[in-house]
Amino acid sequence: MRTFIESLRRYHFFSLLSGVVISNALSLLSMPILTRVYPVEGFGIFAVFWALSTIIGLFSTLRLEVAIPAVKDAAEVLGLAQIAWLFSLIVSSIFLLLWCLTPIHLLVSTVPSGIMFGACVAVGAVINAQIQVQNQWAIQLGNLKSLSIRNIFEKLVTIAASIGFASWDLYGLIWAQLLGILASSLYMLYSNGSFSSLKISIPNSHTVALLKKYRDFPSQNGPATIFQILSAQLPPLIYSSLFSVEALGLYNLAQRLTEAPNAILNSALSVVYYRRMLSAEKSDMKRIFLLTLRILGLTMIVPTILVCIFAQPLMAKAFGAAWEHSGMFLMILMPLMFFRMLYIAGQSLFLVLRELKQDLLVSAAIFAASLSGLIGGYFILGTFEGTVAGSSLLTVLAYIFGIFLIYKNVARLASAPNKI
């Protein structure tokens, strides 16, 4: 245990954790205010915006940024960042053209169909992509304190803007989020000293060489990430076509609340875990993995059970009577939150061992479970709650499968004395 605590200190865990805790505490504290100044429909439309911009943003970089922390050469880091930036611009521009020139907006019928909404999604996707790149660059530089500051700064800007834009009704939350992530992106560019990564260069032989060298990331980890993001963000898009925007708003609040524990513990701990595993002895990996699971499990099991029992009265008291039914969605999503947290904390082991095919397998299983559970719940029960429950239940089973697969890897390496 003492060695684990020393690792946390060495890799700035407590600095990262403080930033994540503060930013998520600010978010949770602001929710009772926002739910009283924005209509339920506003949260529903925001859910569709955020799902689309997140999916497009992370898909558009080809997942090349994941390679950055392991790259030693500064020129290669810059090259990877520039390639990711260029692809994010291209993909987001294609989306905006399709949104304006084709009827794809009919797939999400609950949102406005005009150019304004499509432009917000495209801009959000580009900024999200840039944040992902800069976060990985900060890890490569060992500039982890900037990640903590970024979380707080982004949240403060977003909350202040959300309150200020309340008169904008349905678009207020979207514009506030765009302003927050833009401020966050600019801060990371300044902190990393990486404004040169925004330079757009014509692809050349160096670009091709980098893509070949790190082709296993876009070819294997890229699809894995796409499956993971789709598992989390595709359901709200499907729900928007099946149920009312008001019901989607109730679901969105519960979803945002269940994301807070994952952000508080995993965004800090997973970074520490990844860096610790990069330098760990193979024989020590099993102990690190099991200790990480034990700490997370013991920390969250009691709060998870209590929230499941008292979800609806808690939601009504905290956010207003109009949001009481959101507690039903919160109760359904809490087990999913718990097992997702355990899996994500150890998932980076696949990257450390370059077992990207296994990462892809688990991500595909999670996606398939989420989608098949959603379809089964909808056709069997026919209600929004039943649909969410079906998706959540099968996804929990898929996360358990992923945890078991990680354990099999560390158990296999337990007797190996060499470093990775």
Side-chain angles (χ1 to χ4, degrees), residues 16-58 92 111 116-117 119-135 138 145-191 229 232-233 236 248-249 251-264 266-268 318-320 323 326:
L16 285 168
L17 182 62
S18 63
V20 177
V21 168
I22 292 172
S23 64
N24 279 274
L26 290 170
S27 180
L28 292 175
L29 290 172
S30 69
M31 279 298 169
I33 300 174
L34 299 182
T35 54
R36 286 171 170 84
V37 298
Y38 283 96
V40 177
E41 297 93 323
F43 281 81
I45 292 176
F46 175 84
V48 178
F49 154 75
W50 192 242
L52 283 172
S53 61
T54 300
I55 291 172
I56 298 168
L58 291 183
S92 298
V111 302
M116 177 68 73
F117 185 84
C120 288
V121 171
V123 172
V126 170
I127 300 174
N128 273 329
Q130 187 58 224
I131 289 175
Q132 293 300 317
V133 171
Q134 296 305 319
N135 284 350
K145 288 185 178 180
S146 66
L147 297 177
S148 179
I149 296 173
R150 180 195 75 78
N151 285 323
I152 300 173
F153 183 48
E154 176 182 323
K155 199 62 64 177
L156 285 172
V157 173
T158 302
I159 293 170
S162 296
I163 296 173
F165 295 160
S167 60
W168 294 23
D169 202 21
L170 298 182
Y171 272 97
L173 290 172
I174 294 176
W175 282 107
Q177 187 66 54
L178 286 174
L179 187 60
I181 59 177
L182 176 61
S184 174
S185 176
L186 291 174
Y187 169 75
M188 290 304 297
L189 286 164
Y190 170 78
S191 180
I229 297 303
Q233 303 297 344
L248 184 62
Y251 167 82
N252 177 249
L253 177 60
Q255 185 186 39
R256 293 172 74 169
L257 293 176
T258 57
E259 288 172 355
N262 282 289
I264 290 173
N266 280 347
S267 60
F319 304 108
W323 296 89
S326 183

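FYI, side chains are in, hydrogens and waters are out, and symmetry mates aren't considered; it's all heavy atoms of this structure.
- The heavy-atom pair separating Leu179 from Ala161 by the smallest distance is CD2-CB, 3.9 Å.
- Among all heavy-atom pairs drawn from Met188 and Ala138, the shortest one is CE-CB, 3.6 Å.
- Here CD of Gln177 is found 8.0 Å from CG of Asn128. Values are rounded to the nearest 0.5 Å.
- In terms of the side-chain hydrogen bond (donor to acceptor under 3.5 Å, both in side chains) criterion, Thr35 has no residue partners (sequence neighbours excluded).
- Ile22 CD1 to Ile149 CD1: the interatomic distance, rounded to the nearest 0.5 Å, is 10.5 Å.
- The side chain to side chain contact (heavy atoms under 4.5 Å, CB included) test applied to Leu58 returns Thr54, Gln132, Ile229, not counting sequence neighbours.
- Of all the heavy atoms in Pro236 and Leu248, the pair that sits closest is O-CD1, 3.8 Å.
- In terms of heavy-atom proximity, Thr158 sits nearest to Ala176 at O-CB, 3.6 Å.
- When the salt bridge (Lys or Arg N to Asp or Glu O under 4.0 Å) test is applied to Arg256, no partner is found at least two apart in sequence or on another chain.
- Here the straight-line distance linking atom OG of Ser146 with atom CG of Asn151 works out to 9.5 Å at 0.5 Å rounding.
- In this structure, OG in Ser53 is found 9.0 Å from CD1 in Ile174, a value given to the nearest 0.5 Å.
- The two residues Glu154 and Gly180 have their closest heavy-atom pair at CG-O, 3.5 Å.
- Note that OG of Ser326 and CZ of Phe319 are 7.5 Å apart. Values are rounded to the nearest 0.5 Å.
- Here the closest heavy-atom approach between residue Leu178 and residue Cys120 is recorded as CD2-O, 3.8 Å.
- Two residues are said to be in side-chain contact when any heavy atoms from C-beta on lie closer than 4.5 Å; Arg150 and Lys145 fail this criterion.
- Contacts of Tyr38 classified as side chain to side chain contact (heavy atoms under 4.5 Å, CB included), with partners at least two apart in sequence or in another chain: Leu34, Phe43, Ser162, Phe165, Ala166, Leu173.
- Remark: Ala122 pairs with Ser92, Phe95, Leu96 by the side chain to side chain contact (heavy atoms under 4.5 Å, CB included) rule, at least two apart or across chains.
- Atoms OG and CG, on Ser191 and Leu147 in that order, are 8.0 Å from each other to the nearest 0.5 Å.
- Relative ring orientation between Trp50 and Phe46 is described as parallel, the plane-to-plane angle staying below 30° on a 0-90° scale split at 30° and 60°.
- Residues satisfying the side chain to side chain contact (heavy atoms under 4.5 Å, CB included) criterion with Ser185, sequence neighbours excluded, are Ile127, Gln130, Ile131, Leu189.
- Contact check for Ile45 versus Tyr171: no side-chain heavy atoms found under the 4.5 Å cut-off.
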